[in-house]
Amino acid sequence: MRNWLIIICGLTICFGCARIRTDVAPLDNKLMTKPTPGIQLTTGDIDRPYKELGIIFVKGRHVKYGKIMEELQSKAKELGADAVIKIKFGKKYGYSYRPSCQGVAVTFE
């Protein structure tokens, strides 16, 4: 029994926690694989008058942030937004990698 416990602990240490994952969430439409023209993305605020349309939240499962950002832009386009501002990023839930982001969809006045 003790040998099995040692083997399971060893495998958990080797394979369970020893992964490194990197990802990039491009905010420039030119860097995205399928950019949606005209939808600006920013993590900050903008210096233009705007009207808030709503908050968009997108969550994926084992996908890259680029795909999450494409979906964010797609939802913003459905709302008729000109930009998504104040974007915040999330990481994982429990032991599963689930990138997420949310932002405020706005239209310029």
Side-chain angles (χ1 to χ4, degrees):
M1 179 70 173
R2 184 173 180 221
N3 289 339
W4 283 108
L5 185 59
I6 292 171
I7 290 171
I8 291 172
C9 289
L11 290 173
T12 301
I13 290 171
C14 290
F15 298 108
C17 304
R19 293 191 308 156
I20 296 174
R21 180 178 171 98
T22 60
D23 203 352
V24 175
L27 295 177
D28 185 358
N29 285 346
K30 296 173 194 160
L31 299 175
M32 297 186 71
T33 54
K34 296 178 188 173
T36 304
I39 305 287
Q40 295 179 338
L41 303 174
T42 181
T43 56
D45 206 349
I46 50 177
D47 291 335
R48 258 179 101 163
Y50 59 83
K51 176 183 172 190
E52 293 182 359
L53 300 175
I55 296 174
I56 302 173
F57 180 77
V58 180
K59 178 173 70 171
R61 187 173 196 169
H62 300 290
V63 296
K64 295 192 176 279
Y65 273 105
K67 188 73 172 165
I68 297 292
M69 299 300 288
E70 287 174 12
E71 187 64 26
L72 184 76
Q73 283 190 316
S74 174
K75 293 296 178 189
K77 187 176 183 181
E78 288 176 19
L79 285 174
D82 295 316
V84 180
I85 62 172
K86 302 176 187 176
I87 297 174
K88 296 178 185 173
F89 297 96
K91 319 176 208 184
K92 62 192 269 190
Y93 299 91
Y95 293 103
S96 180
Y97 182 72
R98 295 184 182 183
S100 64
C101 68
Q102 75 176 35
V104 180
V106 299
T107 183
F108 299 129
E109 293 181 344

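This is a predicted model, so every value here is computed, not measured.
Ile85 is not listed as a side-chain neighbour of Leu41, based on a closest heavy-atom distance of 4.5 Å or more. Residues Thr42 and Ile87 have side chains not in contact (no heavy-atom distance under 4.5 Å, counting atoms from C-beta outward). Within the 4.5 Å cutoff, no side-chain heavy atoms of Phe89 are placed close to those of Ile68. Contact annotation: the side chain of Lys88 never approaches that of Phe57 to less than 4.5 Å [non-hydrogen atoms, C-beta and beyond]. With a 4.5 Å cut-off on side-chain heavy atoms, Asp45 and Lys86 count as touching. By the 4.5 Å heavy-atom criterion applied to side chains, Ser100 and Val58 are not counted as neighbours.
Side-chain heavy atoms closer than 4.5 Å link hydrophobic residues (I, L, V, M, F, W, Y) into clusters, and following such links, even through other members, never connects Ile56 to Ile46. By the criterion of side-chain heavy atoms lying less than 4.5 angstrom apart, applied directly or through intervening Ile, Leu, Val, Met, Phe, Trp or Tyr residues, Phe108 is grouped together with Val104 in one hydrophobic cluster.
Across Ala81 and Ile39, no two heavy atoms sit closer than the pair O-CD1, 3.1 Å. When all heavy atoms of Val106 and Tyr50 are compared, the closest pair comes out as CG1-CD1, 3.4 Å.
Residue Leu72 is tested with Glu70, Lys75, Met69 for a side chain to side chain contact (heavy atoms under 4.5 Å, CB included); the sole match is Met69.
Note that CZ of Arg48 and CD of Glu109 are 10.5 Å apart. Values are rounded to the nearest 0.5 Å. Rounded to the nearest 0.5 Å, atoms CG (Leu53) and CG (Asp82) are 8.0 Å apart.
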